[in-house]
Amino acid sequence: MELGLVGLGKMGGNMRERIRRAGHTVIGYDRNPDLADVQSLEELVGKLPGPRVVWVMVPAGAPTQSTIDELAELLEPGDIVVDGGNSRWTDDEKHAEELAAKGIGFVDCGVSGGVWGLENGYALMYGGDAEHVARVQPIFDALKPEGDLGAVHAGKVGAGHFAKMVHNGIEYAMMQAYAEGWELLEKVDSVENVREVFRSWQEGTVIRSWLLDLAVNALDEDEHLDELRGYAQDSGEGRWTVEAAIDNAVPLPAITASLFARFASRQDDSPQMKMIAALRNQFGGHAVEKK
């Protein structure tokens, strides 16, 4: 099968290589000419035989919108666009409608696997009409991990990115739990080898996971994480997960708390804690620290 791939960064570049290893032809375009196989989207579309499949792997929001807008003018009826970035599911519905007006199919695909996906495979969650998914299936099969698991047709357009969004929300909460447990272990005097405690959990425990394995890797590189600043960005999908929970009246206390913990990490001197300290001093005479 021949595929056009737009966006050849950390994820897209490795995906191109994995698809090629499976025997497919990939023509890649990136704004960085050192990474690209062609110099423009127009050239990419021109090199693909019809009916075409073009996979978009660029940042969510305006970059994805502008790419799909340009492809809509270049592609022909019967072609298919796959959005494999981290787009919001509501954008998928709009993109599908805009492309359908030109006879172009649309599939949204949540992709998980990060920098390890080239060797381990990518977990895929895709949404769209069955006929469009079937056209892309050889590429899904090339990207997914070996075996029967690791890929799912989650439902109609938007379902793939919605599933990936929830996946990332769960990831937020799991990482927060590991982080809180690590801090508590580091705090007490009686535990003398926190790294090895984490390592011991990798076998036989109910909390073993790939995230735990990665935590051990990080502690092997920097045992007490002394080289890191306590700051964590959020990709946006945690926020979307909480917003969707509010819209659907679904309680997500753990995921919501993990998102707010990310926000707290960006405050060197928390205004909220100032008020809490002031109130404790007022009602209980508790000591406060002055600058």
Side-chain angles (χ1 to χ4, degrees), residues 9-18 21 57 84-86 109-125 143-152 163-242 252-268 270:
K10 291 180 180 179
M11 289 278 282
N14 282 344
M15 289 168 63
R16 174 175 61 176
E17 177 61 22
R18 186 172 175 88
R21 289 181 185 179
M57 204 70 192
N86 282 332
C109 183
V111 181
S112 181
V115 297
W116 301 84
L118 174 58
E119 299 301 330
N120 297 341
Y122 298 88
L124 306 173
M125 296 141 270
L143 287 170
K144 68 180 287 294
E146 293 184 8
D148 296 331
L149 304 178
V152 61
K164 176 59 163 48
M165 176 194 74
V166 174
H167 165 282
N168 282 24
I170 293 170
E171 177 186 296
Y172 273 52
M174 291 175 66
M175 288 193 292
Q176 184 66 25
Y178 284 128
E180 291 175 6
W182 173 79
E183 181 180 359
L184 181 58
L185 287 167
E186 285 276 335
K187 190 74 172 180
V188 301
D189 293 332
S190 58
V191 180
E192 297 177 341
N193 200 333
V194 175
R195 177 178 60 187
E196 295 309 311
V197 170
F198 261 57
R199 196 188 311 279
S200 75
W201 293 344
Q202 290 181 278
E203 296 292 342
T205 72
V206 297
I207 64 167
R208 62 188 184 274
S209 72
W210 187 40
L211 282 174
L212 178 62
D213 295 341
L214 295 176
V216 172
N217 288 350
L219 296 175
D220 281 340
E221 295 173 3
D222 180 5
E223 183 173 356
H224 302 289
L225 304 184
D226 293 326
E227 298 179 6
L228 300 182
R229 179 188 166 209
Y231 176 97
Q233 189 56 268
D234 69 284
S235 64
E237 291 194 273
R239 302 184 190 209
W240 298 343
T241 305
V242 173
L252 299 185
I255 292 174
T256 302
S258 69
L259 174 64
F260 287 175
R262 300 277 184 101
F263 298 160
S265 80
R266 299 166 203 171
Q267 297 177 327
D268 295 328
S270 170

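Asp148 CG: 12 or fewer foreign heavy atoms inside a 6.0 Å radius. More than 12 heavy-atom neighbours from other residues, nucleotides or ligands sit within 6.0 angstrom of CG on Leu228.
Donor-acceptor pairing under 3.5 Å is lacking for the side chains of Thr241 and Tyr172.
A donor-acceptor pair is defined here as one N or O able to donate and one able to accept, closer than 3.5 Å; such a pair exists between the side chain of Ser265 and the backbone of Ala232. Checked by atom type and distance alone, the side chain of Asp222 pairs as donor or acceptor with a backbone atom of Glu227 at under 3.5 Å.
For Arg18 against Gly117, the heavy-atom pair with the smallest separation is CD-O, 3.7 Å. When all heavy atoms are compared, the tightest approach of Ser258 to Ala173 is OG-N, 3.5 Å. Nearest heavy-atom pair, Tyr178 versus Ser209, reported as atom, atom and distance to 0.1 Å: OH-OG, 2.8 Å. Met125 and Ser112 get closest at one heavy-atom pair: CE-CB, 4.4 Å. Here the closest heavy-atom approach between residue Val191 and residue Val197 is recorded as CG1-CG2, 4.1 Å. Closest approach of Arg262 to Arg266, counting heavy atoms only: O-NE, 3.4 Å.
Within the model, atoms CZ of Arg199 and CG of Asp220 stand 4.0 Å from one another, a figure rounded to the nearest 0.5 Å. The structure places CG of Leu143 at 10.5 Å from CG of Leu118, a figure rounded to the nearest 0.5 Å. Note that CZ of Arg208 is 16.0 Å distant from CZ of Phe198, once rounded to the nearest 0.5 Å. Atoms CZ and OG1, on Arg239 and Thr256 in that order, are 13.0 Å from each other to the nearest 0.5 Å. Atom CD1 of residue Ile255 and atom CD of residue Gln176 lie 12.0 Å apart, to the nearest 0.5 angstrom. Leu211 contributes atom CG, which lies 6.5 Å from atom CE of Met175 (distance to the nearest 0.5 angstrom).
The side-chain heavy atoms of Leu214 and Trp116, taken from C-beta on, include a pair separated by under 4.5 Å. Side-chain contact check for Met57 versus Val111: some heavy-atom pair is nearer than 4.5 Å. Side-chain contact between Phe263 and Asp234 is present, with heavy atoms from C-beta onward closer than 4.5 Å. No side-chain heavy atom of Asn168 sits under 4.5 Å from any side-chain heavy atom of Trp240. Between Glu223 and Asn193 there is a side-chain heavy-atom pair separated by less than 4.5 Å. In this structure the side chain of Arg195 never reaches within 4.5 angstrom of the side chain of His224, judged on heavy atoms.
With salt bridges taken as basic N to acidic carboxylate O contacts below 4.0 Å, none links Glu171 and Lys164. Under a 4.0 Å N-O distance rule, the pair Lys187/Glu183 does not qualify as a salt bridge.
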